[in-house]
There are 2 protein chains.
Amino acid sequence: MELDETDRAILRILQADARTPFSEIARRIDMSSATVHDRVGRLEDAGVIEGYHAKVDPRKVGYGTSALVGLRVEQGREENALERLREIDGVTEVHLTTGEWDVMLRVYAEDTDALRDLMFDEVAEMEGFARSQTMVILGTDFEDPSLPV
Amino acid sequence: MELDETDRAILRILQADARTPFSEIARRIDMSSATVHDRVGRLEDAGVIEGYHAKVDPRKVGYGTSALVGLRVEQGREENALERLREIDGVTEVHLTTGEWDVMLRVYAEDTDALRDLMFDEVAEMEGFARSQTMVILGTDFEDPSLPV
DNA sequence: GTTGAAAAAATATTGAG
DNA sequence: CTCAATATTTTTTCAAC
């Protein structure tokens with residue numbers, strides 16, 4: 001799908017605030033809301049917009065700790081490991097990467113104790129687990145889910 | 001702010017789909033939409049809900065490559081470096097971490113050439129830069145922005 | 001592709017239990 | 001805190017350019 005500047009403007013607005021009324025988007029980009037409605041529908045159908053999600057403050061719902069975890073997995077056991085990782089509560093991202101680690105995880109836990117339990121009892125016990133390194137996130141300086149479009 | 005099971009149910013729904021009409025949320029949790037409206041407003045005011053964002057498929061808007069980058073920063077230069085990183089186009093996350101790296105970045109780039117340029121011309125040229133390691137994301141097995149609440 | 005206008009649906013507000 | 005009823009606004013549809 002080819003995106004023109006109007007599509008990009010709509011994407012910028014919806015990335016910043018997914019609940020902006022079409023009528024206001026229309027006003028800002030100087031088109032009718034029927035057009036905005038039409039375009040958003042096409043962006044959704046084309047898979048450019050994958051979804052709309054409320055961003056919840058992890059601390060406010062009991063997740064005091066977050067970490068990035070590098071994982072080494074035994075050769076040939078990757079499939080099994082990935083399947084297991086997906087199911088662990090608090091694991092929100094599983095990426096296959098080049099470099100020192102085969103897999104990088106993003107995990108959330110209540111506190112450092114809970115993170116330790118998650119790592120020792122769930123991740124390290126997993127079939128095919130070789131070794132891991134946990135990078136505890138001490139603070140997040142910047143996190144904007146918006147891609148520049 | 002204290003969250004009860006009703007609040008959590010609303011959060012689960014809005015994390016999965018931020019544009020679910022209040023009327024449907026109300027139907028699903030068996031309450032009136034006025035109550036849902038009231039609760040969502042309080043969750044927003046309390047900062048539990050930080051915002052609503054459209055999730056855009058990076059590939060569909062020209063970002064073929066993504067990476068996690070570990071950074072070492074010279075002591076005392078952290079502030080300056082963080083400020084600079086925030087401004088680089090394509091950098092969507094900047095975390096301070098324990099372990100091998102001081103800072104972990106999430107970056108998006110058009111392709112590996114653009115990633116190289118971003119790393120060599122922007123990141124490595126930054127004041128206070130010591131060294132870095134780029135973990136190119138070959139694939140994302142799982143990525144769900146929803147926190148279990 | 002875009003539009004204005006009508007119809008349908010949703011959200012915001014109010015007042016009371 | 002919750003609700004029903006009302007007022008307001010938005011979404012959706014559609015004939016027409």
Side-chain angles (χ1 to χ4, degrees), chain A residues 1-63 110 144-149, chain B residues 1-63 110 144-149:
Chain A
M1 182 190 185
E2 198 67 20
L3 300 177
D4 63 17
E5 183 48 41
T6 302
D7 292 322
R8 291 178 191 281
I10 292 172
L11 289 177
R12 283 193 293 272
I13 293 169
L14 289 178
Q15 281 191 115
D17 182 0
R19 295 183 37 147
T20 312
F22 290 177
S23 55
E24 189 186 329
I25 299 176
R27 194 182 52 69
R28 285 205 232 164
I29 67 174
D30 202 36
M31 292 205 169
S32 74
S33 40
T35 300
V36 174
H37 177 260
D38 191 60
R39 293 231 182 197
V40 170
R42 274 187 292 112
L43 289 166
E44 289 170 351
D45 292 343
V48 178
I49 296 175
E50 297 182 316
Y52 305 94
H53 305 283
K55 190 176 171 197
V56 169
D57 184 344
R59 292 177 186 282
K60 297 267 169 68
V61 293
Y63 294 99
E110 185 183 345
D144 183 347
S146 302
L147 294 170
V149 291
Chain B
M1 181 192 186
E2 198 67 19
L3 300 177
D4 64 16
E5 183 48 40
T6 302
D7 291 322
R8 291 178 191 279
I10 292 172
L11 289 177
R12 283 193 294 272
I13 293 169
L14 289 177
Q15 282 192 113
D17 183 0
R19 295 182 38 146
T20 311
F22 290 177
S23 55
E24 189 185 329
I25 299 176
R27 192 181 54 67
R28 284 204 233 164
I29 66 174
D30 201 36
M31 293 204 169
S32 75
S33 40
T35 299
V36 174
H37 176 261
D38 194 58
R39 293 227 180 201
V40 170
R42 274 187 294 112
L43 289 166
E44 288 170 350
D45 292 343
V48 179
I49 296 175
E50 297 182 317
Y52 305 94
H53 306 283
K55 190 176 173 198
V56 170
D57 184 344
R59 292 176 185 283
K60 297 268 168 67
V61 293
Y63 294 100
E110 185 182 345
D144 183 348
S146 302
L147 293 170
V149 292

key: Distance in angstrom units between A:I10 CD1 and D:dT11 P, rounded   = 12 Å

With A:E2 via salt bridge (charged side-chain N to carboxylate O under 4.0 Å, His left out) - residues at least two apart = none

message = Going by the rule side-chain contact (heavy atoms from CB on, under 4.5 Å), which residues pair with A:H53 if we only count those two or more places apart in sequence or in a different chain?
response = B:K55, B:P145

query = Residues two or more places apart in sequence or in another chain: which of them pass salt bridge (charged side-chain N to carboxylate O under 4.0 Å, His left out) with A:R27?
reply = A:E24

key: side-chain contact (heavy atoms from CB on, under 4.5 Å) partners of B:D17, counting only residues at least two apart   = A:Y52, B:R19, B:T20

ask   = Residues two or more places apart in sequence or in another chain: which of them pass side-chain contact (heavy atoms from CB on, under 4.5 Å) with B:A34?
value = B:S32

Heavy-atom check, side chain of B:L3 versus side chain of B:V149, under 4.5 Å = no

message = Rounded to whole Å, how long is the line connecting atom CD of B:E24 with atom P of D:dT11?
response = 16 Å

message = Which residues pass the salt bridge (charged side-chain N to carboxylate O under 4.0 Å, His left out) test with A:R59, not counting sequence neighbours?
response = none

inquiry  = Going by the rule salt bridge (charged side-chain N to carboxylate O under 4.0 Å, His left out), which residues pair with A:D144 if we only count those two or more places apart in sequence or in a different chain?
reply    = none

note = Hits for side-chain contact (heavy atoms from CB on, under 4.5 Å) against B:A46, two or more places apart or cross-chain, chain-then-number order -> B:M1, B:V48

side-chain N/O B:T35 vs D:dC1 OP1/OP2, d < 4.0 Å = no

Nucleic acid footprint by protein, nucleotides 12-17 of chain D - heavy-atom cut-off 4.0 Å, B for base, S for sugar-phosphate alone = SB----

query = How close or far is atom P of D:dT10 from atom CZ of A:R27, stated in whole angstroms?
reply = 10 Å

message = Rounded to whole Å, how long is the line connecting atom CG of A:D38 with atom C1' of D:dT11?
response = 13 Å

ask   = Taking 5' to 3' order, which nucleotide of DNA chain C is first and which is last to have an atom within less than 4.0 Å of a heavy atom in chain B?
value = C:dA10 to C:dT13

task = Using the side-chain hydrogen bond (donor to acceptor under 3.5 Å, both in side chains) rule, collect all pairs that involve residues 3-15 of chain B, keeping only residues at least two apart or in two chains.
result = B:D4-B:R39, B:E5-B:R12, B:D7-B:R39

request  = Give the angle between the helix axes at the two ends of the helix from C:dG1-D:dC17 to C:dG17-D:dC1, taking five base pairs at each end and rounding to 10°.
outcome  = 30°

remark   = All heavy atoms of B:A16 vs all of B:S146, minimum pair found to be N-OG, 4.1 Å

